Every structure is written in C-alpha cells, then in structure tokens.
Amino acid sequence: MEQDIYQKIEAYLGGEMTPGEQREFELAMSQDLELQKEVRLSNEINHHLNEKSWLYSEEAKDDKTKQELEEYIKSEEAILLKSKISEVGDRFKKRKHQRRRFFYTGGAIAAIFILGFFVTNLFFDQKSNAALYNEYYTDMDLPSLVKRGSQNKLLQDGIVAFKAKEYKEAITAFQKYMDTSKDENPLIHAYIGFSHLETNQIEKSLNSFDTLLRSDSIDRSRGLWYKALAYLKDNRIEASKKVLSKIIGDSLNYNYKKAKELLDDFD
C-alpha cells in the first residue's frame with residue numbers, strides 16, 4: 001500500500017475525514033480485505049498507545065485498580081513498552097514493500113499481545129486475589145471481645161462501629177478503650193488491624209497483627225493468619241505464602257487447615 005493510504009487510515013480513525021471522504025473510504029474497505037486488516041491493526045495500535053483506553057476500561061472502574069494501573073503506566077517498564085510499540089507503529093505506517101509490511105505487522109502485533117498479556121493478567125490476578133480474600137475472611141471469625149459483666153462503653157462502641165463497617169470510628173473507640181482501661185486484651189489488635197486493612201492502611205494493619213503475635217495470648221497465632229490475609233488483600237502473594245508456610249509448620253496454629261487450603265489455591 002502507498003503512503004497516502006496510511007494517511008487516509010489515520011484520518012479515518014482520527015475522525016478527520018469529511019462525511020463524503022468517510023463514505024468513500026468505507027466503500028473502499030468493503031471491497032478490499034487487505035485494507036480492512038490495515039485499518040483494524042492501526043486501530044489496535046492507537047488503542048494500546050492511549051492511556052485513557054486503559055484507565056477507563058470496565059475493569060479499572062474501582063479506585064484501587066485505577067490507581068495501580070496509573071502507577072504502572074508511569075513505570076519505566078510501561079514507558080519502555082509503549083515506546084517500542086510506538087516505534088513499531090511508526091515503522092508500520094511508513095512501510096511500502098510487502099516484505100517489510102509483513103515483518104513490521106508481526107512486530108506490532110507481538111508488542112500489542114505483550115501489553116495485552118500484562119493488562120489481562122493484572123486484572124485477573126486482582127480479581128482472583130480479591131475473591132480469595134473474600135472467601136477466607138469474614139468478621140465472624142474474629143474472636144468475641146465481650147466478656148460477662150463487661151459494660152465498658154468505649155469497647156461496645158468500637159464493636160458496634162466495626163460491625164457497621166465504620167472503621168475509623170472503630171479504631172478511635174478501641175484505642176481510647178486501651179488508653180483508659182486496665183484490661184489489656186491483645187485480641188483488640190485484631191479488630192484494629194482489620195479496621196486499618198479495610199481503610200487501606202496496610203502497614204498499620206500489619207503492625208497491629210504483629211502486636212497480637214508478640215502478646216502472651218493463647219490466641220496469638222491468629223496474628224499469622226491475619227497477616228497472611230492482609231498481604232493477600234494487598235496483592236503481595238509471595239509475602240502471604242511465606243506467612244502461610246509458617247502457619248502450616250505447626251498444626252496447633254490457628255487455621256492450620258485453611259492455611260494449607262489457601263496455599264493450594266495459590267498454586
């Protein structure tokens with residue numbers, strides 16, 4: 001195909017043709033299969049070079065996914081990949097000979113498949129990890145903090161806020177309770193940890209679970225399970241696997257069997 005054909009393709013895809021030119025070009029496409037392929041490939045290249053096509057896809061509607069995708073777009077890996085695609089795309093548009101067209105078309109498609117593979121796997125991993133987290137975490141598994149005769153309002157307020165998913169209020173109530181009460185129940189840190197986790201304060205969440213682990217509570221091994229879930233929610237799978245391996249190292253650890261099941265699910 002001659003150079004002016006590629007210019008027409010760009011004008012068509014960019015909406016720069018007059019209505020008459022557009023009808024004429026679409027008629028030419030209907031009669032030329034090779035031209036149809038060229039238009040389709042150019043459209044794919046333009047799509048994958050456009051950051052907005054990533055950020056406003058169906059999969060990227062939730063804030064966390066969109067944020068992670070934006071961070072990837074700005075990373076050196078993505079910039080290099082997009083540069084390669086752009087380079088191949090420019091060469092593809094300028095080619096004149098059939099032999100060169102075949103080579104560059106293959107290169108452009110390969111680059112697009114690489115990019116598509118990354119994006120597809122990013123979304124797939126996020127969805128599957130989120131599903132695993134929802135499968136293995138329920139607040140019903142958290143230990144009860146209410147003891148017979150316990151009427152402390154701050155403790156009650158913290159529990160009520162936590163159950164209502166008002167996590168910031170829950171953290172405030174629990175921390176005030178610990179500051180004013182002589183009752184040093186380490187399991188409160190489980191509730192504080194998950195409150196931080198649900199508000200995306202991952203490191204604070206992990207610190208709370210570590211506090212439970214360092215305690216002398218007979219339930220301290222719960223901290224390992226909770227840390228594994230925190231890493232899972234944060235998509236840090238290798239870190240989650242490492243903690244799960246610690247759990248299955250002792251059959252007396254909390255959720256020993258579930259830890260084995262979750263490790264199997266990762267594989």
Side-chain angles (χ1 to χ4, degrees), residues 64 129-267:
K64 185 173 182 180
N129 293 343
L132 283 174
Y133 177 78
N134 291 330
E135 178 182 347
Y136 283 94
Y137 167 69
T138 170
D139 59 18
M140 298 298 293
D141 287 340
L142 288 173
S144 174
L145 295 179
V146 180
K147 298 179 181 179
R148 182 174 298 178
S150 176
Q151 300 296 326
N152 190 290
K153 186 177 185 302
L154 286 172
L155 181 60
Q156 296 290 346
D157 288 347
I159 295 171
V160 170
F162 184 87
K163 294 294 184 181
K165 301 185 185 303
E166 297 171 351
Y167 298 113
K168 291 182 179 180
E169 291 80 358
I171 292 170
T172 299
F174 286 134
Q175 288 180 335
K176 285 183 178 180
Y177 171 77
M178 290 190 298
D179 290 340
T180 60
S181 174
K182 295 181 180 179
D183 177 19
E184 299 180 0
N185 186 346
L187 293 175
I188 292 176
H189 293 288
Y191 284 81
I192 295 176
F194 277 108
S195 296
H196 283 309
L197 188 59
E198 292 301 322
T199 54
N200 294 318
Q201 299 183 76
I202 305 300
E203 295 309 315
K204 288 185 178 181
S205 171
L206 292 169
N207 288 338
S208 294
F209 298 145
D210 279 333
T211 300
L212 173 57
L213 270 171
R214 291 192 298 268
S215 72
D216 58 0
S217 169
I218 59 173
D219 290 316
R220 61 182 176 274
S221 69
R222 285 175 177 265
L224 286 173
W225 174 250
Y226 299 154
K227 284 187 68 175
L229 292 180
Y231 285 129
L232 171 59
K233 184 175 177 64
D234 197 40
N235 292 311
R236 292 154 69 177
I237 304 305
E238 292 306 315
S240 183
K241 287 181 178 180
K242 187 175 180 179
V243 176
L244 291 170
S245 296
K246 290 183 179 179
I247 296 175
I248 65 173
D250 186 344
S251 61
L252 296 179
N253 281 332
Y254 178 72
N255 273 354
Y256 168 81
K257 291 183 179 180
K258 282 189 176 181
K260 295 181 70 174
E261 291 174 4
L262 182 50
L263 275 173
D264 289 340
D265 285 337
F266 282 144
D267 295 335

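Keep in mind the model is a prediction, meaning the values are calculated, not measured.
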Residues in side-chain hydrogen bond (donor to acceptor under 3.5 Å, both in side chains) contact with D157, at least two apart in sequence or another chain: K153
Atom pair OG/CG of S144 and L187 - distance to nearest 0.5 Å: 9.5 Å
OG-NE2 distance between S195 and H189, expressed to the nearest 0.5 angstrom: 12.5 Å
Exercise: identify the closest heavy-atom pair between A228 and S240: O-OG, 2.9 Å
Nearest-0.5 Å distance that lies between atom OG1 in T172 and atom CG in L154: 10.5 Å
Set of ring-ring contact (aromatic ring centres under 6.0 Å, His included) partners for Y133, sequence neighbours left out: Y137
Non-hydrogen atoms of I248 and A259 that approach each other most closely: CG2-CB, 3.8 Å
Side-chain heavy-atom pair Y167, L197 within 4.5 angstrom cut-off: no
Check: P186 main-chain N/O paired with S217 side-chain donor or acceptor under 3.5 Å: no
Under 3.5 Å donor-acceptor, S181 side chain and M178 backbone: no
Salt bridge (charged side-chain N to carboxylate O under 4.0 Å, His left out) contacts touching residues 248-266 (sequence neighbours left out): D141-K258
Euclidean distance, I247 CD1 relative to L252 CG, rounded to 0.5 Å: 13.0 Å
Min side-chain heavy-atom separation R214-R220 under 4.5 Å: no
Atom pair CG/CG of D234 and L229 - distance to nearest 0.5 Å: 12.5 Å
Those residues that, when tested against Y191, pass side-chain hydrogen bond (donor to acceptor under 3.5 Å, both in side chains) (two or more places apart): none
Would you mind writing out the side-chain donor-acceptor pairs for residues 203-213 within the sub-3.5 Å range, not counting sequence neighbours?
from, atom 1, to, atom 2, distance (Å)
E203, OE2, R236, NH1, 3.2
K204, NZ, Q201, OE1, 3.2
S205, OG, G193, O, 2.9
N207, ND2, E203, O, 3.3
S208, OG, K204, O, 3.2
D210, OD1, K227, NZ, 3.0
T211, OG1, N207, O, 3.0

Stepwise side-chain contact (heavy atoms from CB on, under 4.5 Å) check, W225 with Y136: CA-CA 10 Å; W225 174 250; Y136 283 94; 3.7 Å; yes
Pairs touching residues 238-249 that satisfy salt bridge (charged side-chain N to carboxylate O under 4.0 Å, His left out), sequence neighbours left out: E238-K241
CZ on F162 to CD1 on I192, rounded to 0.5 Å: 10.5 Å
Side chain to side chain, Y226 and L142, heavy atoms closer than 4.5 Å: yes
Student check: side-chain heavy atoms of I202 and Y231 closer than 4.5 Å: no
